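Structure, as structure tokens:
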Amino acid sequence: MTDRRWRRAAVVGGGICGLVAARVLADHFEEVVLLERDALPEGAEPRKGVPQARHVHGLLARGSGHLEELFPGLRDELLAAGAPLFDHGDMASTTVWAGTVPRTKVGVPAHAFSRDLLESTLRRRVAALPQVAVRDATPVEGLQWDATATRVDGVVLNRAATGTEVLPADLVVDASGRFSALPDWLEKAGYPRPRTTVVDAGLAYSTQVFEAPPQSFLGLQQMNSAPHNPRGTFVARVEGDRWVVTLFGAGGDHPPKDSDGWLEFAKGLGNPDLDGLIASGSAFSGVHHFSRTENRRTEYAKLARWPDRLIALGDSACAFNPVFGQGMTVAVLEALALGEALTRRRSRCGERGGELGGLARRFQRKVAGIVRLPWLMSISEDLVWHHYREGRTRLPLLLGASNWYKQRLVHLVVHDPQVFRTFLRVYHMLTPPTAMAAPRILAKALFRGVSPKKPQAARVSAGPDARQARR
Ligand SMILES: Cc1cc2nc3c(=O)[nH]c(=O)nc-3n(C[C@H](O)[C@H](O)[C@H](O)COP(=O)(O)OP(=O)(O)OC[C@H]3O[C@@H](n4cnc5c(N)ncnc54)[C@H](O)[C@@H]3O)c2cc1C
């Protein structure tokens with residue numbers, strides 16, 4: 001269906017979610033205006049509004065496949081820009097508490113690039129669509145409401161050059177990220193403030209970029225495990241033969257912000273592949289630190305009232321602890337679902353597609369459904385950090401049981417290629433997490449899996465951000 005029936009959609013935020021949403025909306029609206037607060041760079045450069053882009057950003061195979069459908073030829077374009085594409089099991093070095101996983105082909109592709117390269121490539125593609133206008137250096141300051149505040153009619157902009165301006169729109173999509181002001185805007189219009197559930201593992205990232213010669217791997221991951229082993233690393237060889245090296249620590253055990261402390265933390269991981277990379281290369285970026293990594297889900301779908309023509313997507317609706325690399329893929333899944341909802345509405349209502357009334361509320365429930373499993377996956381480990389950081393020594397029964405099972409699976413991942421393959425397919429969202437409890441794997445975990453030895457004391461520190469709060 002290519003005829004565009006609705007007049008204008010406004011997208012707040014030009015990050016990955018906003019870009020993918022704009023791509024999908026361009027199939028349904030005569031005009032899509034993408035509004036970004038930052039002045040956008042020409043190419044793959046850092047910018048203020050997405051500080052997380054300094055850190056390793058792995059795109060899961062599920063998200064990568066769907067992005068290719070939306071932007072045909074994207075994979076080749078990224079490859080041509082120097083972003084390596086490889087088999088995750090074969091060319092990534094994976095270490096977990098039970099040891100380093102023997103490398104083997106698993107048929108799960110991993111594509112490594114900087115987040116700046118991905119974003120700038122998508123931006124160029126989206127900006128080239130005839131329906132899309134990208135307006136950068138344009139902060140959105142609020143929503144434009146109808147007289148009864150039951151429908152959103154557009155957005156209020158504030159540009160340095162032109163001052164305050166109202167942009168009318170038939171649909172407004174908020175993709176302004178984990179610090180979205182949408183709860184404030186709703187409250188200001190008389191809506192109850194949506195509840196935000198926060199689960200914070202006290203996790204922080206510190207990253208340096210290296211120049212280094214080729215290694216035996218293109219990616220490296222050393223996973224932490226709650227609660228005794230808070231530290232880990234993600235490494236990706238990205239375009240320009242650069243190595244992005246992210247160190248992370250949960251439970252308040254944060255990697256340092258200075259380069260000497262950073263190096264010491266890296267050495268402490270005891271990972272020969274990482275040591276070899278650092279010894280053979282030189283860092284040139286300085287250390288970038290980021291600690292706002294808490295899982296944060298705003299319960300828009302549970303509000304008793306929801307305005308017509310307003311939708312919240314991506315990190316604005318649900319932001320994840322980044323260690324599972326789910327954020328970009330979930331944003332893509334939500335944007336695709338939005339496209340499907342609009343297509344359905346048009347086929348039901350005929351040529352003109354009818355009014356958009358009611359669609360936004362139903363769609364917000366759909367978003368809640370899409371984030372449910374990734375959210376559970378992300379918080380299950382983080383709740384363990386949370387409990388120990390609160391000074392508790394015993395986990396609640398269910399959480400304890402699921403953590404026990406997970407640790408035995410992690411042991412199997414090192415010793416059983418079939419379990420490793422399934423694990424990577426689940427990690428890349430190609431297979432549902434229930435696959436890790438299929439009868440054959442369940443039996444292996446129960447009878448052959450091993451739990452980690454209990455260390456003397458949990459390496460967690462209590463901190464002000466140790467919380468699971470409802471706000
Ligand atoms: C440290 C870290 C590492 C991560 N690693 C991964 C990973 O490996 N894999 C993965 O898939 N995901 C990862 N993520 C998550 C990922 O960055 C996001 O989930 C994903 O980019 C989708 O975000 P978004 O587009 O919704 O928001 P963002 O990327 O935050 O973009 C929001 C945009 O909105 C703009 N904006 C904000 N307010 C306004 C306003 N009022 N008016 C106009 N514009 C506005 C901002 O400037 C920004 O450009 C990581 C996150 C963090 C914090």
Side-chain angles (χ1 to χ4, degrees), residues 10-22 33-41 46-64 67 110-116 118-120 122-123 134-143 155-159 167 172-182 184-185 203-207 219 221 234-236 238 244 246-248 255 288-296 298 312-335 367 371 374 378 427-429:
V11 179
V12 186
I16 303 293
C17 180
L19 288 165
V20 182
V33 187
L34 184 63
L35 302 152
E36 168 54 47
R37 184 169 49 196
D38 281 356
L40 292 169
R47 60 187 181 86
K48 195 168 159 234
V50 286
Q52 74 269 34
R54 304 274 192 174
H55 306 274
V56 163
H57 259 67
L59 177 64
L60 303 182
R62 174 106 183 261
S64 172
L67 271 184
H111 205 163
F113 32 73
S114 68
R115 146 100 192 221
D116 290 340
L118 177 64
E119 190 180 294
S120 66
L122 295 179
R123 191 161 63 235
V134 179
R135 290 176 68 174
D136 69 345
T138 306
V140 174
E141 294 215 321
L143 299 169
V155 286
V156 181
L157 315 177
N158 195 350
R159 305 191 91 191
L167 179 78
V172 172
V173 173
D174 179 44
S176 64
R178 66 164 60 223
F179 306 115
S180 167
L182 185 55
D184 299 335
W185 296 343
L203 171 88
Y205 276 29
S206 279
T207 296
Q221 58 204 15
F234 289 121
V235 178
V238 300
V244 184
T246 291
L247 305 178
F248 61 88
H288 292 278
H289 187 82
F290 196 89
S291 58
R292 292 302 305 275
T293 59
E294 71 275 12
N295 301 279
R296 170 175 280 276
T298 303
L313 294 184
D315 283 13
S316 159
C318 184
F320 304 94
N321 159 355
V323 293
F324 293 107
Q326 298 166 311
M328 296 190 292
T329 293
V330 168
V332 173
L333 294 176
E334 291 168 354
V367 170
V371 304
S378 191
Y427 182 85
H428 280 268
M429 291 175 78

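Because the structure is a prediction, the values reported are computed rather than measured. Just follow the structure's listing: the first ligand is 1, and inside any ligand the first atom is 1.
Heavy atoms of Pro139 come nearer than 4.0 angstrom to ligand 1 in at least one pair. Between Leu35 and ligand 1 there is a heavy-atom distance shorter than 4.0 Å. Heavy atoms of Val56 come nearer than 4.0 angstrom to ligand 1 in at least one pair.
With values rounded to the nearest 0.5 angstrom, Thr207 atom OG1 is found 4.5 Å from His55 atom NE2. Separation of atoms CZ (Arg296) and SG (Cys318) is listed at 10.5 Å; rounding is to 0.5 Å. If you take OG1 on Thr138 and CZ on Arg159, they are separated by 3.5 Å, rounding to the nearest 0.5 Å. The line from OG of Ser180 to CG of Leu313 is 11.0 Å long, rounded to the nearest 0.5 Å. One distance of note links CE of Met429 with OG of Ser64; it measures 13.5 Å at 0.5 Å rounding.
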* Which is it for Phe113 and His111 under the ring pair (Phe, Tyr, Trp, His ring centres under 6.0 Å) test, yes or no, and what are the steps along the way? -> CA-CA 7 Å; Phe113 32 73; His111 205 163; 5.2 Å; yes
* **Chi angles and distances behind the side-chain hydrogen bond (donor to acceptor under 3.5 Å, both in side chains) call for Asp116, Ser114** => CA-CA 5 Å; Asp116 290 340; Ser114 68; 5.1 Å; no
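Heavy-atom contacts of Gly177 reach the following atoms of ligand 1: 27 (O), 30 (O), 32 (C) (cutoff under 4.0 Å). Interface of Gly314 with ligand 1, defined as ligand atoms under 4.0 Å from a residue heavy atom, comprises 26 (O). Taking a cut-off of under 4.0 Å to the non-hydrogen atoms of Phe290, the atoms of ligand 1 that pass are 1 (C), 53 (C). Of all atoms in ligand 1, numbered sequentially from 1 with element shown, those under 4.0 Å from a heavy atom of Gly325 are 7 (C), 8 (O), 9 (N), 10 (C), 11 (O).
Polar contact check, Met328 against ligand 1: a nitrogen or oxygen pair lies under 3.5 Å apart. Note: an N/O pair closer than 3.5 Å links Gln52 and ligand 1 by distance alone. The distance criterion of under 3.5 Å between nitrogen or oxygen atoms is met by His57 with respect to ligand 1. Below 3.5 Å of separation, one finds no N or O of Leu59 facing any N or O of ligand 1. Checked by distance only, ligand 1 and Arg178 stay at 3.5 Å or farther apart across all their nitrogen or oxygen atoms. For His55, no nitrogen or oxygen atom sits less than 3.5 Å from a nitrogen or oxygen atom of ligand 1, counting backbone and side chain alike. Taking any N or O of Arg47, backbone or side chain, at least one lies under 3.5 Å from an N or O belonging to ligand 1.
You'll find the side chain of Leu167 reaches within 4.5 Å of the side chain of Arg135, heavy atoms only. Residues Leu203 and Pro322 form a side-chain contact, since some pair of their non-hydrogen atoms from C-beta on lies under 4.5 Å apart. Counting heavy atoms from C-beta on, the side chains of Asn321 and Phe248 never come closer than 4.5 Å. Taking the side chain as every heavy atom from C-beta outward, Phe234 and Val323 approach each other to under 4.5 Å. With a 4.5 Å cut-off on side-chain heavy atoms, Thr298 and Leu182 do not count as touching. Looking at Arg123 and Leu34, their side chains never come closer than 4.5 Å, going by heavy atoms from C-beta outward.
If you check which protein heavy atom lies closest to atom 31 (O) of ligand 1, you get Gly15 CA, 3.7 Å. Of the protein's non-hydrogen atoms, Gly13 CA, 3.3 Å is the one closest to atom 34 (O) of ligand 1. Counting protein heavy atoms only, atom 24 (P) of ligand 1 is closest to Cys17 CB, 3.7 Å. At the top of the distance list for atom 26 (O) of ligand 1, counting protein heavy atoms only, stands Asp315 N, 2.9 Å. Considering only non-hydrogen protein atoms, atom 44 (N) of ligand 1 sits nearest to Arg37 N, 3.1 Å. In terms of protein heavy-atom proximity, atom 9 (N) of ligand 1 is closest to Gly58 O, 2.8 Å. Considering only non-hydrogen protein atoms, atom 40 (C) of ligand 1 sits nearest to Val140 N, 3.8 Å. For atom 1 (C) of ligand 1, the nearest non-hydrogen atom of the protein is Tyr205 CD2, 3.8 Å.
Panel note: side chain Arg178, backbone Phe320; a donor-acceptor pair is recorded below 3.5 Å. The closest donor-acceptor contact from the side chain of Thr246 to the backbone of Val56 lies under 3.5 Å.
In terms of the side-chain hydrogen bond (donor to acceptor under 3.5 Å, both in side chains) criterion, residue partners of Arg47 (sequence neighbours excluded) are, by chain and number, Glu36, Asp38, Glu119.
For Ala175, every heavy-atom contact with ligand 1 shorter than 4.0 Å involves the backbone, none the side chain. With a 4.0 Å cut-off on non-hydrogen atoms, Val50 touches ligand 1 through its side chain and not its backbone. Contacts of Val12 with ligand 1, taken as heavy-atom pairs under 4.0 Å, involve the side chain alone. Contacts between Val330 and ligand 1, counted as non-hydrogen atom pairs separated by less than 4.0 Å, are absent for every part of the residue. Within the 4.0 Å heavy-atom criterion, the part of Arg115 lying near ligand 1 is the side chain and not the backbone.
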